[in-house]
Amino acid sequence: MNFAASFCRRVNIKELTTSIPVYNSASDASGRGLSLLFRRWATKKSAGSTKNGRDSKPKNLGVKKFGGERVIPGNIIVRQRGTRFHPGNYVGIGKDHTLFAMKEGSVQFEKHKLSGRKWVHVVPKDGHMLHPVYGEAAAAPELKTAT
């Protein structure tokens, strides 16, 4: 006779389960006998996180006014991250590296042959003129030599 059969004959399983009270917690147990009653808890999984549902607003970067197009002061020429295009004559740069026109005229793109740097210029409406600062610097030596 094997051990399991002899154990079941000596200890009646029905007696163990019916004569022992059900305990609500470990502290209620008085330590009498063996409780074979199992309590099943709710096993519904909570809602898992999803990997979708996030989308950032479009940044609308890129060239807004192409070469040869007419611009007025304040027109945005290029919106960019970093200085892909550098400001040239009559072109300003914003704190987010946006290039904008400072004078009325037409847009002109230029690429430097050696450095490969791209420049954006605005050719003024009434012809290409030097900036007033450069005009004064060029005229100043003539005045000094004349006097």
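This structure is a prediction, so every number in the text was calculated from the model and none was measured.
To the nearest 0.5 angstrom, K125 atom NZ is 4.0 Å from E104 atom CD. Interatomic distance, CZ of F100 versus CG of N75, reported as 11.5 Å (0.5 Å rounding). To the nearest 0.5 Å, the span separating NE2 on H86 from NZ on K118 amounts to 9.0 Å. In this structure, the separation between CD on Q80 and CD1 on I93 is 6.0 Å, given to the nearest 0.5 Å. Taking NZ from K64 and CG from L99, the interatomic distance works out to 12.0 Å, rounded to the nearest 0.5 Å. Rounded to the nearest 0.5 Å, atoms CZ (R70) and NZ (K65) are 11.5 Å apart.
Between A101 and V122, the shortest heavy-atom distance links the atoms CB-CG2, 4.1 Å. Scanning all heavy atoms of the two residues, the minimum distance from G116 to K111 falls at O-CE, 3.7 Å. Across S106 and G68, no two heavy atoms sit closer than the pair CB-O, 4.1 Å.
Cluster annotation: F66 and I72 are assigned to distinct hydrophobic clusters (Ile/Leu/Val/Met/Phe/Trp/Tyr, side-chain heavy-atom contacts under 4.5 Å, transitive). In terms of hydrophobic clustering, with Ile, Leu, Val, Met, Phe, Trp and Tyr side chains grouped at heavy-atom distances under 4.5 Å, V63 and V71 are assigned to a common cluster.
Judged by distance alone, with hydrogens and angles left aside, the side-chain atoms of Q108 form no donor-acceptor pair with the main-chain N or O of H121 at under 3.5 Å.
Using the six-membered ring where Trp is involved, F109 and F85 have ring planes that are perpendicular, over 60° apart on the 30 and 60° scheme.
At a threshold of 4.5 Å between non-hydrogen side-chain atoms, the residues L61 and R81 count as touching. Counting only heavy atoms from C-beta outward, the side chains of V78 and H97 never approach each other to under 4.5 Å.
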